[in-house]
2 protein chains.
Amino acid sequence: MATNGPLLDTLRAIVGEHGILSSAHDLEGFVEDWRGRYRGDALCVVLPRNTGEVSAVVRAAVAAGVPVLPQGGNTSLSGGSVPFEGEGAVILNLSRMRRIRHVDAANHSMEVEAGCVLADIQAAAVAAHRFFPISLGAEGSCQIGGNIATNAGGTGVLRYGNTRENVLGLEVVLPDGTVWNGLRTLRKDNTGLDLKHLFIGAEGTLGIITAATLKLSPLPTAHAVSWLAPASVEAALELLGLFQERCGAQLSAFELMNRKQLDIVLAHVPGQHSPLAEPHAWHLLVELSDSDDEARLGEALENTLAVAFDRGLVTDAVLASSSAQREALWKIRHSVSEGNKKAGVGLTLDTAVPVSQVPEFIARATAAIKAAFPADVVIVGHMGDGNIHFIPFFDFATWEAQTNRDALTMRVKRVGHDIAASLGGTFSAEHGVGRTLLGEMQHYKSDVEIAMLRAVKRAFDPQGLFNPGKLIP
Amino acid sequence: MATNGPLLDTLRAIVGEHGILSSAHDLEGFVEDWRGRYRGDALCVVLPRNTGEVSAVVRAAVAAGVPVLPQGGNTSLSGGSVPFEGEGAVILNLSRMRRIRHVDAANHSMEVEAGCVLADIQAAAVAAHRFFPISLGAEGSCQIGGNIATNAGGTGVLRYGNTRENVLGLEVVLPDGTVWNGLRTLRKDNTGLDLKHLFIGAEGTLGIITAATLKLSPLPTAHAVSWLAPASVEAALELLGLFQERCGAQLSAFELMNRKQLDIVLAHVPGQHSPLAEPHAWHLLVELSDSDDEARLGEALENTLAVAFDRGLVTDAVLASSSAQREALWKIRHSVSEGNKKAGVGLTLDTAVPVSQVPEFIARATAAIKAAFPADVVIVGHMGDGNIHFIPFFDFATWEAQTNRDALTMRVKRVGHDIAASLGGTFSAEHGVGRTLLGEMQHYKSDVEIAMLRAVKRAFDPQGLFNPGKLIP
C-alpha cells in the first residue's frame, strides 16, 4: 500500500523506529487470531508507550482515513482483535503500556495501563492483600484493556460480577484523538451519564481504552471445594438455590459439566483422575470462599451437602481436604479446552439463559442437535450465571466427512441460539461478538436496538474507522 | 396556553378523562418538589396505564414540540422531577403503572413497572424469600423508575452496589416514541453495547423507563449490629479495613456520624437515646448480615471489635442483643433528616471521595467552612462508600440574618466541592444533578466529558425535549 507511505512516516515519527512494525514477517502474530481461524492484513502495527502517543497515532490515522484496530493480548474467541483482509488498518497494540500506576489498598482500588497482563494485575492485588476477581483461561497473556473492551467473564462472575462490575474508571482516546480522563476511583458518582459503561464491552468500536481504575475486593483467605454428582440438571438448579440461601455471598463458583465432558478430560489430558468412583451423568464443582477460617467454611459446605443428600439432590460427592486436592479439582475444570481440542471438533456455543431455564435449555438443545446432526453433546458452563457452553461435538472422522463446514457450523449454532432466545437467553454471554457473531446480531436484535447501537456509534465515530465490521451491525 | 388545546385533546384521547390533570389545583403536588424548594408549571400531568400509552403520549408531545418531564414519586433532592416556570411541559407521571409483573425466585430476578413503590418491591422480594437491597429514606413513596433514572444509593451500597448494579434490564420509551424492550434477566450478555447503562442515572433526559427487570439477592436471615465510638476518623478508616478483611462480604453497613449529628437527633427527635454512656467525637453504626446463624455472626462482630479495642481503634462500643435493639440503633441513623430539619438549616453536601481520603476530606472541609462562615459542621455518611454528607449547619437565627442566601448556599457548597474534587472526589455521590447542581457540572466537568454527554443526548433526543435543563449542561 504505497499510498500510505506518508502515514507510515508520520507514525514512525510519533512512536519511534522501535514502535512500528510493517514488514509481512513482523506482522505475523498480530494479523491472525491464536486459534488460526481468522487472518487479515494491516498497514502496520504501532506500539505506543503512553496515552499521548496513542492520541497522536489516532489523529494521524483518522486524518488519513485509515481504520484503527485496538489490540491487546489478541486472545479473542470471536475474531474481535484481528483485521480483515485488504482493510489496510493500523493495528494499535497496547502491549508496551503495562505499568501498574498505583494501588490504593484502603480504597480497594488500583490504576493500571491497558497493556497490563491480567495475571500481573491479580498478583499485584494479592501483594497488597487484595483481590482482583476476574479470572479466565487466557489470564497469562490477555491484557486488561481487552478484558474491559470485551467485558470478560470467567469463573468469578457468580460472586463478583463481570469485568464491568470491577471497573471504577477509564481513560479513553476517542476517535477524534482527544483523551477522556475518567479515571475515578469512587464507589458512588452520579454526575452525568456513567460514560465508562459505553466503552466497557464496546470491543474498541467507540475509542481506545488506555488505562483503567479497577475495583479490588477483600482477599479471600479460606476456600472449600467439593466435586459432586447432582441427581439431574433440575437437581443441580435446586442445589444452586440451596447454596445461595445457606451460604449467601460465600458461594464463589458453581460449575457444571456433563459426563461426556469429564470423560474427554480424563481420556485426553495427562494426569487427570476421576474425582468420584462411579460414572455419573452430571458433575458440579462448587466452591465457597471468604475471610472466614477454613474449618468453618468446610463445615458450612458439609452441612449444606448433608441437606442436599437428604433431599435426594446429590448422589455422590467428595470434599477437597487440602489445597492440593482443591487445585486438582479445579485442574479438571480448567482442562476442558485442552481436552476438547484433542478429542475432536467442538462447536462451542456461549449461550446464557435465565438460571431458572438452564434445565429446559439443556434438554431442548440436546434433543434438537442430536436429531439434526451426527454430533454428540459436550456441556460445560458457569451454571450459577446461567452461562452454559453447549458444545455440539464431532469426532474428527465425522467432521472431515462433512461438506461446507463453515455453513454447517452456523447452522448448528443457530439451532442452539434459537432455543436460548426462546427462553429469554443470549447467543453471547461472555465471548463477545467480534466478527464471528455479527450475523447473529442482525438476526436476533430488534430494529430499535440496532438503531440505538448505530446512533451511539455515529455519535462517537462518525467516520466509522474504529474496529469496523465488529460488534455493531 | 390555549395554543396547546389540540395537544390536550390528543392526550385525553390517549389516556382517557381520568388519566389527565390540567387545572392549576390538580397540578399542585406535581409541579413542586416535596421540600418546597422548586416550583414550576406544566401544561398538564398525564398518567398513562401502560407502555403503549406512554409511547403515544410521547409521540404527541414531541410532534407538538412540547417538553416531556418523566416523574415518579417526586422525591428528588436535586429538583430533578419538577418543571421550570413557563416551560409548559407535559409531566408524564408513572404512578398508575405499578404492577409487579413477575418474580423468578430461582433466577433471583423480578420484572416490575416503573411506578412501583420501592417498599412494595422490597416486600414482594421478601415474600419470595429474596432480597432487593436498595433502601433509602423515601422508600415508602419513591418509585423504582425514579430510583433507576437517578441511580439511587442509600445504605445498602457497601455490600450490594448502587441501583445500577441491581438492574438486569429495562424497557424504555425513546424520544421518538419507539419502545425498546431490553427486559433481560441475564447475568451475562455481551451482545453489543450494554445500553441499559445509558438510561440508568440519565434522569429522564434520554427516554422514559417504563419497566425494569431487577436483580434479587439471597435474603439475609441473620444480622449483627454495633454502635461504636472510633478513636478518630483515621481510626474509623482503619476499622473499616479491619472489618473488610475479617468479615468480607458480610459487612453490610458502615455509617459514620459526628457528635453534633448525634446530639441533634437526641435533642430533636422524640424517643431517641444515646447508645453510649459518655459523649464521643465520632460514632459508627456497623452491621454484618448474612445467611449465617445469628449467634455466629454476633461472634464475628465481637471478635473483630476485640481486635479493634486491642489496637486502640475503638474507645467504646455496644452490641445490639435483640432485633428491637438493632432497630433502635438504625432508628437513630434514619432520624438525621428529621432532626436536622428541626434544629436549623443544613446545607447538605453529597460528596464522595476515595475511601482512603475520607479523613483528609473531613479535616480540610471542616477547617475551611469554619474559617469562612458562621456555621457549625454536621457530618453523617456512608463511610464504607466514601460518601460523606458534609453539612455546614446554621442555627435559625444566624441563617435568617444572612443576606442573599441562595448565593451563600452555592458559595458554601463550592468550598466543600472544591476540596472533594482536589481529592479525586465528586459533588454528587447519590442525589443526582437535577437542576440544583447543573452549574457544578459546568464548573467541574472537562470539556471532553461535556462534549460526550451532549453527543449522546443529541443522538437520542435531537430536539432536546426530554427533561430539558436537567443533568446535561
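Atoms considered below: every heavy atom in the structure, side chains included; atoms not considered: hydrogens, waters and symmetry mates. Every chain is numbered from 1, with letters handed out A, B, ... down the list of sequences.
- For B/K196, no part sits under 4.5 Å from any heavy atom of chain A, backbone or side chain.
- For B/S217, no part sits under 4.5 Å from any heavy atom of chain A, backbone or side chain.
- Contacts between B/L240 and chain A at a heavy-atom distance below 4.5 Å are absent for every atom of the residue.
- For A/L193, the parts sitting under 4.5 Å from any heavy atom of chain B are the backbone and the side chain alike.
- Comparing A/R184, A/H197, A/R187 by how many heavy-atom pairs each has under 4.5 Å with chain B, the most go to A/H197.
- For the atom pair A/F427 CZ and B/D189 CG, the distance stands at 8.0 Å (nearest 0.5 Å).
- For the set B/L237, B/L198, B/T178, the count of heavy-atom pairs under 4.5 angstrom toward chain A peaks at B/L198.
- Highest contact tally toward chain B, considering only A/L453, A/L206, A/D290, is held by A/L453 [criterion: heavy-atom pairs under 4.5 Å].
- B/N162 touches chain A through its side chain: at least one heavy atom from C-beta onward sits under 4.5 Å away, while N, CA, C and O do not.
- Proximity of a side-chain donor or acceptor of B/T213 to a complementary backbone N or O of B/T185 within less than 3.5 Å is not detected.
- In this structure, a donor-acceptor pair under 3.5 Å is present between the side chains of B/E449 and A/W180.
- Looking at A/D194, both its backbone and its side chain come within 4.5 Å of chain B, counting heavy atoms on both sides.
- Not counting sequence neighbours, A/H223 has no partner by the ring pair (Phe, Tyr, Trp, His ring centres under 6.0 Å) test.
- Both the backbone and the side chain of B/V433 come within contact range of chain A, each with at least one heavy atom under 4.5 Å from a heavy atom of that chain.
- Residues meeting the salt bridge (Lys or Arg N to Asp or Glu O under 4.0 Å) test with B/R130, sequence neighbours left out: A/E245.
- Highest contact tally toward chain B, considering only A/G192, A/G201, A/G386, A/A455, is held by A/G192 [criterion: heavy-atom pairs under 4.5 Å].
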- [ ] Starting from the C-alpha separation in whole Å, work towards a yes-or-no answer on side chain to side chain donor-acceptor pair (under 3.5 Å) for B/R246 and A/S291.
- [x] CA-CA 5 Å; B/R246 292 178 59 102; A/S291 340; over 6 Å; no
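- Using a 4.5 Å cut-off between heavy atoms, A/V179 touches chain B through its backbone atoms (N, CA, C, O) alone.
- Counting heavy atoms from C-beta on, the side chains of A/V456 and B/F460 come closer than 4.5 Å.
- With a threshold of 4.5 angstrom between heavy atoms, B/L174 approaches chain A through side-chain atoms but not through N, CA, C or O.
- Proximity to chain B is absent for every atom of A/L183, based on heavy atoms less than 4.5 angstrom apart.
- Looking at A/S78 and A/T436, their side chains never bring a donor and an acceptor atom within 3.5 Å of each other.
- A donor-acceptor contact closer than 3.5 angstrom links the side chains of B/N387 and A/K188.
- Panel note: side chain B/N107, backbone A/P354; no donor-acceptor pair is recorded below 3.5 Å.
- Chain B forms the most heavy-atom pairs under 4.5 Å with one residue out of A/K457, A/R164, A/E238, A/Q357, and that residue is A/R164.
- In this structure, chain A has no heavy atom under 4.5 Å from any part of B/R458.
- Heavy atoms of B/D385 lying under 4.5 Å from chain A belong to its backbone as well as its side chain.
- Ranked by heavy-atom pairs under 4.5 Å with chain B, the list A/A459, A/G248, A/A106, A/S428 is led by A/S428.
- Under a 3.5 Å cut-off, the side chain of A/T426 and the backbone N or O of A/A429 do not form any donor-acceptor pair.
- Between the B/T163 side chain and the B/A152 main chain, a donor and an acceptor come within less than 3.5 Å of each other.
- Here the side chain of B/N467 pairs a donor or acceptor atom with the backbone of B/G80 at under 3.5 angstrom.
- Proximity to chain A is absent for every atom of B/Y444, based on heavy atoms less than 4.5 angstrom apart.
- A/T351 does not touch chain B: none of its heavy atoms, backbone or side chain, sits under 4.5 Å away.
- Among B/I472, B/V157, B/D350, B/L219, the residue making the largest number of heavy-atom pairs under 4.5 Å with chain A is B/V157.
- Between chain B and the residues A/R159, A/K445, A/E165, the largest count of heavy-atom pairs under 4.5 Å involves A/K445.
- Contacts between B/D104 and chain A at a heavy-atom distance below 4.5 Å involve the side chain alone, from C-beta outward.
- Between A/F131 and A/Y160, the ring centre distance stays below 6.0 Å.
- The candidate with the highest count of non-hydrogen atom pairs below 4.5 Å against chain A, out of B/L168, B/L186, B/L471, is B/L186.
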